[in-house]
Structures are given as structure tokens and as C-alpha cells.
Amino acid sequence: MKQTALTDLNLLARRPIFSGRVWAALAAGVVLLALLPLMNLVFPPGHALHVSAYAVALMGKFMCYAMAALALDLVWGYAGILSLGHGLFFALGGYAHGMYLMRAIGRDGVYQSDLPDFMVFLDWKTYPWYWSFTEHFWYAMLLVVLVPGVLAFVFGYFAFRSRIKGVYFSIITQALTFAAMLLFFRNDTGFGGNNGFTDFKRILGFDITAPGTRATLYWVTLAALAGALILARMVTQSKLGRVLTAVRDAESRVRFIGYDPLGFKLFVWTLSAVLCGIAGALYVPQVGIINPGEMSTENSIEMVIWVATGGRGTLIGPIIGAGAVNGLKTWFTSVLPEYWLYALGLIFVLVTLFLPTGIVGLARRIAARVQEKKA
């Protein structure tokens, strides 16, 4: 019976695209990306090989977005769980790191107080209890993992145990994100209200605006993205991954042959939230700000568009989609900023109608036709 169940799961599963050529292309891409900060530090402005600090910071931001898209693909592409609230986990990781960065400012703020400027402005006399130990980097990194992870675990346990799925689950995640955004907008929550956290000075004692520090943050982000991609592939290629794809395609059948989907869904949901929180933590020091706007439902919907554009259920597709859509956004908002949301909506409609398998799916079809012609 057990062997039959495993056979059924293998028939339901779909393996991701990671051939030898893909690995070679990924390795080459990582090397090229790793060289960008060096081209900024080594070659002076005006040199043909010089890359501006703005371009390096922009690529670092895109890699954070790519990591968030990869995290979303784990739950949507492989488990069939469409989340419209991953922006919450991204922002929570950013706020956890931001608390440390605010403590690192010390007395260099406008009011020259041990408290952040927004607390002084509100006439607070001391830090609230949940800011305890946030002056320690290790503790802040622990919060980056635990806060989104615990919230996702608790929320997911009750939602999956109640067998909430489909559009109902998506709506609940959207409502959770919107409620958290309204909470963080309040000044009395101790997270900076509408302005959030900004004006960071140091990280681990180093000037956060120094070229060397920015290059290091960039490389750490690149390493985190590569590590997340490898981890995601290990998960999706394992028996756990086969169960997840079976849950996506036929959850009732999986339950019938003896597998309880609750634990599998809860694991990948929590892992996805943690990866998204890490992406948010890496995003904050490079962009220099975190506010409740990062929790907006619009941001979570944008993540879905990144994954859909690149190709969900492929791992590499969401990374490509995040880079492509945000690259287009950067150009579009500098030329016609008031029309970007219309363009974003049009992208989603066109992808849904004409490119349902995303950019990676299109590449697969082209490659298949080339092989057919050669044969």
C-alpha cells in the first residue's frame, strides 16, 4: 500500500527545470552579479567598466524582491496555496532588522537622544518592552526569522486545519496583511507610524552608506538568494516536494492514500514566510527605509504578478519575473509614473491570457520546437 501511494505521488508530481545547462547559466549569472560592486569600487566614474552606486543598490533591491518571489513560488507554484499577504512577512523581517538599525543610530539623531527621533517627538521616556535586546545584531536576526515564522505557523495551522483553501485562503491572507498595516500606521505601536524607520547610520559598527558596506550588503544578498534557490530546489526535489505537488494537483486523493496534507502545507508555508522575512531584512539597509506601506495589499499582489510573469512552479521563473517586472517599473515610473499601475494591470492580463506558463514556459516551448526541427 505504501509503495502504491508513493507511485501515485510520483505520477502527480512535476519536476522543476534544472538541467545542466540551467545550472551553468545560473553559475555564470551569479559570477556576473558578484562582479558589479567591484566594477563600482575599482573603476572610477566615467570609465567604460564603471557601474554606478545607484545601479548596484538597485540590483541589490531587485535580488531581495527575487527572493520574496521565490518564497511565494514555493507555496503557490508547488503547493497550490495562493497568498495575497506575503508582503506582511517581507515587512516584518524588515521591521525586525530596522529596530536594530534604529538602535545603532545612538545619539546621532536630530534630538541627540538614546531613543529614536520619533519616540522623542512623541515624548516617550523609554523603549517599549518588545524593543528589549534589539541593540544586539544576533537578536535582531533571530527576530527576522522568528516573527514571520511564528506568525505564519500559527495562522497556517488554524487555516489549514480548518481546510480553508482557494480564494477563501487568499482573501484571509489579504485581510491579515491589511489589518497589520493599519496597526503599524498607528504612532502608539512604537514602530514609527506612517514614516516607519529611516535615516540609518551604522550596521555592525560600519558606516551604512560607505561603498564597502554597500558592496558587502549586496554580496550577502546575492549569497542569500543563491542559498534560498538551492534550498528551494532541495525541498521541491525531495519526497516532501512530490507530496506538495500532489497536494496542489489532487489534495483529496493525497488524503485518501494516507497522507495528511496539514503538516506538509504548514511546513512549506512557514518556510516561505521565513525566506520572505530574510528578504525584507536584507532590503531595509540597502533601501534605507521601512514603513507600513511595504505591507500594503498592492505589494503582495505585485509579488503574485512577478511569479506569474516568470512562471510559477519553476523556481527560476519567479526570479526572472521579479527582475523583469521591477526593471520595467523602474523605467516606467521615471517616464510615465502616473500610468504604472495601468501598465502593471495590463501585464497581468496579458500574461494570464497569452503566457499562462510565464517566461520560462515560453522558453521551454521554443526549446522544444528547436529540438523538433533538429530531429
Side-chain angles (χ1 to χ4, degrees), residues 13-36 58-83 86 90 218-219 221-238 240-242 244-245 248-249 268 271-272 274-276 278-279 282-283 302-329 347-348 350-352 354-371:
R14 183 181 70 187
R15 296 176 70 84
I17 312 165
F18 268 82
S19 64
R21 292 181 179 178
V22 173
W23 276 116
L26 287 174
V30 169
V31 171
L32 289 175
L33 287 173
L35 290 176
L36 285 184
L58 188 65
M59 286 301 300
K61 183 173 73 170
F62 285 0
M63 288 191 294
C64 294
Y65 289 153
M67 189 172 175
L70 175 64
L72 179 58
D73 189 42
L74 273 177
V75 292
W76 186 30
Y78 289 89
I81 304 169
L82 175 56
S83 169
H86 260 48
F90 186 86
Y218 176 94
W219 285 320
T221 303
L222 178 60
L225 176 58
L229 180 60
I230 294 171
L231 174 62
R233 183 179 185 273
M234 291 173 60
V235 169
T236 55
Q237 292 286 74
S238 66
L240 168 62
R242 295 195 291 272
L244 288 174
T245 51
R248 177 197 64 199
D249 296 334
V268 75
L271 175 62
S272 176
V274 169
L275 291 177
C276 216
I278 294 173
L282 292 168
Y283 170 88
E302 271 198 48
M303 291 184 185
V304 173
I305 296 175
W306 303 341
V307 177
T309 301
R312 71 185 183 101
T314 61
L315 296 182
I316 191 63
I319 295 175
I320 296 172
V325 174
N326 283 287
L328 181 61
K329 179 180 180 180
I347 291 172
F348 192 50
L350 293 177
V351 166
T352 303
F354 303 108
L355 210 62
T357 55
I359 296 173
V360 171
L362 177 62
R364 291 177 67 187
R365 290 199 299 271
I366 294 174
R369 289 179 182 177
V370 170
Q371 290 295 328

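Index from 1, following the sequence. We use all heavy atoms of the structure for the numbers below, so side chains are in, but hydrogens, waters and symmetry mates are not.
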side-chain contact (heavy atoms from CB on, under 4.5 Å) partners for Leu36, two or more places apart: Leu33, Met39, Val51, Met59, Tyr218

Could you work out, with side-chain contact (heavy atoms from CB on, under 4.5 Å) as the rule, every residue matching Ala224, not counting sequence neighbours? Met67, Leu282

To the closest 0.5 Å, what do you measure between CD1 (Ile359) and CZ (Arg364)? 14.5 Å

Between the CG atom in Leu271 and the SG atom in Cys276, the distance rounded to the nearest 0.5 Å is 11.0 Å

Which of Val235, Val268, Thr236, Leu240 passes side chain to side chain contact (heavy atoms under 4.5 Å, CB included) with Tyr78? Answer is Thr236

Does the side chain of Leu355 reach to within under 4.5 Å of the side chain of Leu350, using non-hydrogen atoms? no

Quick one: OG1 on Thr314 to CD1 on Ile319, what's the gap to the nearest 0.5 Å? 9.0 Å

Verdict with reasoning, Leu74 to Leu275, per side chain to side chain contact (heavy atoms under 4.5 Å, CB included): CA-CA 10 Å; Leu74 273 177; Leu275 291 177; 3.9 Å; yes

Output every pair passing salt bridge (charged side-chain N to carboxylate O under 4.0 Å, His left out) with a member in residues 317-329, not counting sequence neighbours, ordered by first then second residue. Glu302-Lys329

For Ser83, check side chain to side chain donor-acceptor pair (under 3.5 Å) against everything at least two apart and list the hits. His86

Looking at Phe348, is its backbone amide N or carbonyl O close enough to the side chain of Thr352 to form a donor-acceptor pair, meaning the two atoms are under 3.5 Å apart? yes

Would you please name every residue forming a side-chain contact (heavy atoms from CB on, under 4.5 Å) with Ala34, sequence neighbours left out? Trp219, Leu222

Among residues at least two apart in sequence or on other chains, which ones pass side-chain contact (heavy atoms from CB on, under 4.5 Å) with Ala69? Trp306, Val307, Pro318, Ala322

Dump the intermediate steps for side chain to side chain donor-acceptor pair (under 3.5 Å) on Arg365 and Thr357, then the final yes or no. CA-CA 10 Å; Arg365 290 199 299 271; Thr357 55; 3.1 Å; yes

